[in-house]
Amino acid sequence: MDTDLSNYRKSYEKEELLENNISDNPMELFQKWFFEVDTNFHEEETNAMTISTMGLDGYPKNRVVLLKRYTYEGFIFYTNYNSEKGKAIEQNPNVCISFFWNSAERQIIIKGKAEKIAENLSDGYFESRPRGSQLGSMISNQSEVIKNRDVLETELSKAEKKFEGKEIPRPGFWGGYIVKPIEIEFWQGRPNRLHDRIRYKLEDDYDWKIDRLSP
Ligand SMILES: Cc1cc2nc3c(=O)[nH]c(=O)nc-3n(C[C@H](O)[C@H](O)[C@H](O)COP(=O)(O)O)c2cc1C
């Protein structure tokens, strides 16, 4: 197969990212961009982000997860701690997250360290989920090989019966991670491929150094 995509071309012209219009703290710029993309550009799943981990096999691996909260400290998502990504993080907590918001011609790339959040925070989020999602995460050994789809349906029916009329407890293997950033790059597409790239780098654990990068 040989499919030529060289005519796929788009000029990025919607926005700009200039030094005189940014905050000293990247989380504030993140919040501004997130709000604009969500509200003004109507991105479909603004909180979908790609997270890459260094795998036990030595290969990096990306996958999409949903950002469920962010604070000055970092970015929180939920998953199965025994999944492939969970095992990768256990061995090497250095991860990279990225957002591509096509609607606003924006990309954000975050390097940071992932750590498990406090159990009570995971409990709180788990309780807020619909029952179907709670049961789904309980019966799925995420990333394990299974024989067929029936395995899942059967386990779900069993769990539905078991917990009928009862509260569903959060399984210990499921919970949140917070990714604490050490570097955040904001990329805004511009005409003639002369895009704006502003990078914040954490220095001495609290100071953010701001640089413009060549596109
Ligand atoms: C839009 C979208 C949202 C997703 N959100 C999550 C999520 O929040 N948590 C999660 O564990 N997996 C989520 N997934 C599934 C992951 O991409 C991935 O398949 C799963 O976490 C298993 O990854 P692993 O085997 O590399 O650990 C999402 C997938 C998509 C496409």
Side-chain angles (χ1 to χ4, degrees), residues 10-53 60 62-79 85 89 92-118 120-125 128-129 175-191 193-215:
K10 183 181 164 192
S11 181
Y12 303 115
E13 308 191 336
K14 291 188 182 168
E15 294 282 322
E16 58 184 21
L17 179 62
L18 302 178
E19 284 83 344
N20 61 11
N21 199 19
I22 59 173
S23 165
D24 290 341
N25 189 299
M27 294 310 294
E28 289 171 8
L29 182 54
F30 179 84
Q31 185 179 44
K32 178 172 181 280
W33 270 27
F34 191 96
F35 180 79
E36 287 172 357
V37 166
D38 210 34
T39 308
N40 305 344
F41 290 96
H42 311 292
E43 184 75 30
E44 273 231 350
E45 243 182 331
T46 310
N47 65 331
M49 61 187 194
T50 299
I51 179 161
S52 62
T53 51
N62 303 334
R63 78 286 281 160
V64 174
V65 294
L66 296 177
L67 178 65
K68 286 292 172 176
R69 179 184 287 257
Y70 60 93
T71 68
Y72 276 110
E73 263 205 302
F75 303 85
I76 294 178
F77 69 95
Y78 291 89
T79 194
K85 78 181 88 48
I89 289 170
N92 181 349
N94 297 346
V95 299
C96 184
I97 296 173
S98 65
F99 294 83
F100 169 49
W101 292 318
N102 189 23
S103 61
E105 302 168 347
R106 286 175 173 173
Q107 171 181 234
I108 300 180
I109 303 172
I110 298 145
K111 288 188 201 168
K113 284 191 188 300
E115 49 185 76
K116 287 180 184 170
I117 62 172
N120 63 324
L121 293 179
S122 289
D123 288 340
Y125 175 67
S128 76
R129 303 181 86 204
Y177 285 103
I178 181 166
V179 177
K180 297 185 172 173
I182 56 134
E183 187 180 306
I184 307 188
E185 180 194 327
F186 295 84
W187 182 101
Q188 177 68 62
R190 298 293 305 273
R193 298 295 184 251
L194 295 182
H195 314 300
D196 287 328
R197 298 178 64 192
I198 299 287
R199 183 189 65 193
Y200 292 73
K201 239 181 154 157
L202 195 58
E203 289 196 331
D204 308 324
D205 285 340
Y206 63 93
D207 235 7
W208 289 101
K209 182 171 186 286
I210 301 178
D211 288 300
R212 174 174 286 268
L213 306 180
S214 177

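Side-chain atoms are counted along with the backbone in the values below, which use heavy atoms only and exclude waters and symmetry mates. Model, not experiment: these values are computed from the prediction.
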Open item on the list: Is it the case that atom CG in Asp24 sees more than 12 heavy atoms from other parts of the structure closer than 6.0 Å?
Closed with: no
Task: Exam field: side chain Arg197 to backbone Ser214, donor-acceptor pair closer than 3.5 Å - done: yes
Task: Residue pair Lys32 / Ser23, side-chain donor-acceptor N/O under 3.5 Å - done: no
Would you be so kind as to tabulate the donor-acceptor pairs closer than 3.5 Å made by side chains of residues 99-108, with sequence neighbours excluded?
| unit_1 | atom_1 | unit_2 | atom_2 | d |
| --- | --- | --- | --- | --- |
| Trp101 | NE1 | Thr46 | O | 3.0 |
| Asn102 | OD1 | Lys10 | NZ | 3.4 |
| Ser103 | OG | Glu43 | OE1 | 2.5 |
| Glu105 | OE1 | Glu13 | N | 2.9 |
| Glu105 | OE1 | Lys14 | N | 3.0 |
| Arg106 | NE | Gln188 | OE1 | 2.7 |
| Arg106 | NH1 | Glu36 | OE1 | 2.9 |
| Arg106 | NH2 | Glu36 | OE1 | 3.0 |

- [ ] Take Leu66 and Glu45 through the side chain to side chain contact (heavy atoms under 4.5 Å, CB included) test and state the conclusion after the steps.
- [x] CA-CA 9 Å; Leu66 296 177; Glu45 243 182 331; 3.7 Å; yes
- [ ] Give the minimum heavy-atom separation between Phe34 and Leu67, together with the two atoms involved.
- [x] CE1-CD2, 4.5 Å
Open item on the list: For a quick test of reading the model, state the closest non-hydrogen atom pair linking Gly74 to Pro181 and the distance between them.
Closed with: CA-CD, 3.8 Å
TODO: Please work out which of the three classes, parallel, tilted or perpendicular, describes the rings of His195 and Trp187, given edges at 30° and 60°.
DONE: tilted
Task: pair Met27-Thr71: side-chain heavy atoms closer than 4.5 Å - done: no
- [ ] Could you point out which residue of Ile89, Val65, Val95, Ile117 forms a side chain to side chain contact (heavy atoms under 4.5 Å, CB included) with Tyr177?
- [x] Ile89
Open item on the list: Is any side-chain heavy atom of Lys85 closer than 4.5 Å to one of Phe77?
Closed with: yes
TODO: Could you grab the distance from atom NZ of Lys68 to atom CG of Leu121, nearest 0.5 Å is fine?
DONE: 15.0 Å
Open item on the list: Which heavy atom of Asn25 sits nearest to which heavy atom of Trp208, and what is that distance?
Closed with: ND2-NE1, 4.0 Å
- [ ] Flag the pair Ile198 / Ile210 as yes when at least one side-chain heavy-atom distance between them is below 4.5 Å, and no otherwise.
- [x] yes
TODO: May I ask you to test the Asn94-Lys111 pair for a side-chain heavy-atom distance under 4.5 Å?
DONE: no
- [ ] May I have the step-by-step check of side chain to side chain contact (heavy atoms under 4.5 Å, CB included) for Arg69 and Ile178, ending in yes or no?
- [x] CA-CA 9 Å; Arg69 179 184 287 257; Ile178 181 166; over 6 Å; no
Open item on the list: Does Glu44, at its CD atom, have more than 12 non-hydrogen atoms belonging to other residues, nucleotides or ligands within less than 6.0 Å?
Closed with: no
Task: From CA spacing to verdict: side chain to side chain contact (heavy atoms under 4.5 Å, CB included), Leu29, Leu17 - done: CA-CA 10 Å; Leu29 182 54; Leu17 179 62; 4.2 Å; yes
Open item on the list: Could you check whether any side-chain heavy atom of Tyr125 comes within less than 4.5 Å of a side-chain heavy atom of Ile76, counting everything from C-beta outward?
Closed with: no
- [ ] Could you grab the distance from atom CD1 of Ile110 to atom CD1 of Ile182, nearest 0.5 Å is fine?
- [x] 11.5 Å
Task: Any side-chain heavy-atom pair of Val179 and Ile51 under 4.5 Å - done: yes
- [ ] Please examine the side chains of Ile109 and Arg199, heavy atoms only from C-beta on, and report whether any two atoms are closer than 4.5 Å.
- [x] no
Open item on the list: Please give me the minimum heavy-atom distance between Ser122 and Gly175, naming the atom from each residue.
Closed with: OG-CA, 3.5 Å
Open item on the list: Can you tell me how far apart CG (Asp205) and NZ (Lys180) are? Round to the nearest 0.5 Å.
Closed with: 10.5 Å
Task: Aromatic plane relationship, Tyr200 with Phe186 - under 30° parallel, 30 to 60° tilted, over 60° perpendicular - done: perpendicular
Open item on the list: If I take atom CG from residue Asp196 and atom CG from residue Leu213, how far apart are they, to the nearest 0.5 angstrom?
Closed with: 11.0 Å
Open item on the list: Looking at every non-hydrogen atom in both residues, tell me the closest pair between Tyr12 and Gly189 and how far apart they are.
Closed with: CB-C, 3.3 Å
